[in-house]
Amino acid sequence: MADFAELEKQLKKQYVPIFRKMMGMSAAQANKTFKKLYAKIKADAEAEDTLNLPMDLGDRLLQKETEDKKVKQALDKKRIDGVTDDDVRWWWNRHDLARRMMNKVDEVFVYSLFLKLTKQDKMKAKQANEKIKTLRPMFGNPDDTRFGKADDRPLPDELRQRVNAYIMQRGQKGPESLRNAVQACTSYNAFIRKKIKAGKL
């Protein structure tokens, strides 16, 4: 059984500074936002009965891949997008609430960016959504084509760490060069897929 109090403490320590730095929140706002998001993801996990998934789920999935057709099909799909065994372990060998929090915080960032573009920059909703696709990678279910098709589709969650590390590294070397390379593609996701196919990421 997971120690939820300890896990909540760890996640709070991780995300409150991010809210303050990236979103300009006060300490009180950041703490309140974290509390609200944590309550939401925990309620979702309880409803979906995923709170006590094993912490070595990634290793188990890779083991089952050889004998379970459904697991093999699911992982084969991810491998088409460049997911490796290490990526599977990185994502699935962590607590369900840690995965959910990562996704939820992503949603918050995307939504705040959407509000900025529509309210501050006076963009129409459709125009704002198109712009967001060129400003940051989008993760989720690659079969979800609501916000983009072909190479613009969401990237598998398993790629988060590798993609973020690559962006940080490229950005430090030359932010302008990175921006131009992304702008030359239909979306940030298309740029990432291009780099994966070229073996650069």
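Counting begins at 1 with the first residue of the sequence.
Summarising the local packing, CE of M23 is surrounded by more than 12 heavy atoms from other residues, nucleotides or ligands at distances under 6.0 Å. Enclosure of atom NZ in K12 is not indicated, since only 12 or fewer non-hydrogen atoms of other residues, nucleotides or ligands lie within 6.0 angstrom. Within a 6.0 Å sphere centred on CD of Q63, heavy atoms belonging to other residues, nucleotides or ligands number 12 at most. Atom NZ of K133 sits in a crowded spot, with more than 12 heavy atoms from other residues, nucleotides or ligands closer than 6.0 Å.
Remark: N189 CG to D151 CG distance equals 9.0 Å, nearest 0.5 Å. Note that NZ of K64 and CD of E67 are 7.5 Å apart. Values are rounded to the nearest 0.5 Å.
Closest of all the heavy-atom pairs between I41 and R100 is O-CD, 3.7 Å. The minimum heavy-atom distance between N93 and D56, with the atom names listed, is OD1-C, 3.2 Å. Across F34 and Y15, no two heavy atoms sit closer than the pair CD1-CB, 4.2 Å. Of all the heavy atoms in G148 and R153, the pair that sits closest is O-CG, 3.4 Å. A pairwise comparison of heavy atoms in M123 and A128 identifies SD-CA, 3.9 Å as the closest pair. When every heavy atom of L117 is checked against every heavy atom of L135, the shortest pair comes out as CD1-CD1, 4.5 Å.
Residues M168 and Q172 form a side-chain contact, since some pair of their non-hydrogen atoms from C-beta on lies under 4.5 Å apart. In this structure the side chain of L97 reaches within 4.5 angstrom of the side chain of Y38, judged on heavy atoms. At a threshold of 4.5 Å between non-hydrogen side-chain atoms, the residues V105 and F19 count as touching. Using a 4.5 Å heavy-atom threshold, the side chains of L115 and Y111 count as touching. Side-chain atoms of T33 and M25, non-hydrogen and from C-beta on, do get closer than 4.5 Å to each other. Side-chain contact between P142 and R193 is present, with at least one heavy-atom pair separated by less than 4.5 Å. Contact of the L7 side chain with the M101 side chain is not registered, since no non-hydrogen atoms from C-beta on lie closer than 4.5 Å. Side chains of V110 and F147 form no contact here, defined as non-hydrogen atoms less than 4.5 Å apart.
The pair D85-R79 meets the salt-bridge criterion, with a side-chain N (NZ, NE, NH1 or NH2) lying under 4.0 Å from an Asp/Glu carboxylate O. The residues K131 and D121 are annotated as not salt-bridged, no charged nitrogen and carboxylate oxygen being separated by less than 4.0 angstrom.
In terms of hydrophobic clustering, with Ile, Leu, Val, Met, Phe, Trp and Tyr side chains grouped at heavy-atom distances under 4.5 Å, L11 and I18 are assigned to a common cluster.
Residues S177 and N180 have side chains that never bring a donor and an acceptor to within less than 3.5 angstrom of each other. Between R160 and N103, the side chains place a donor N or O and an acceptor N or O closer than 3.5 Å (distance only, hydrogens not considered). Between the side chains of W92 and E158, at least one donor N or O lies within less than 3.5 Å of an accepting N or O.
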task = Take I80 and D76, measure what side-chain contact (heavy atoms from CB on, under 4.5 Å) needs, and give me the verdict at the end.
result = CA-CA 6 Å; I80 292 168; D76 279 350; 5.8 Å; no
ask   = Between D157 and R99, does a side-chain contact (heavy atoms from CB on, under 4.5 Å) hold up when you go through it step by step?
value = CA-CA 9 Å; D157 285 312; R99 289 193 295 271; over 6 Å; no
ask   = Please walk me through it: do R162 and T84 pass side-chain contact (heavy atoms from CB on, under 4.5 Å)?
value = CA-CA 10 Å; R162 259 170 65 207; T84 65; 3.7 Å; yes
request  = Please lay out, stage by stage, how R136 and M138 fare under the test side-chain contact (heavy atoms from CB on, under 4.5 Å).
outcome  = CA-CA 6 Å; R136 53 177 291 136; M138 308 290 274; 4.3 Å; yes
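With hydrogens and angles ignored, the 3.5 Å screen pairs no side-chain donor or acceptor of H95 with any backbone N or O of L53. Checked by atom type and distance alone, the side chain of D106 never pairs as donor or acceptor with a backbone atom of M102 at under 3.5 Å. R20 contributes no side-chain N or O that, together with a main-chain N or O of V16, makes up a donor-acceptor pair within less than 3.5 Å.
With I196 as the fixed residue, the side chain to side chain contact (heavy atoms under 4.5 Å, CB included) test singles out one of L201, D81, V83: L201.
Relative to the ring axis of Y166, K195 does not place its NZ or CZ within 45° and under 6.0 Å from the centre.
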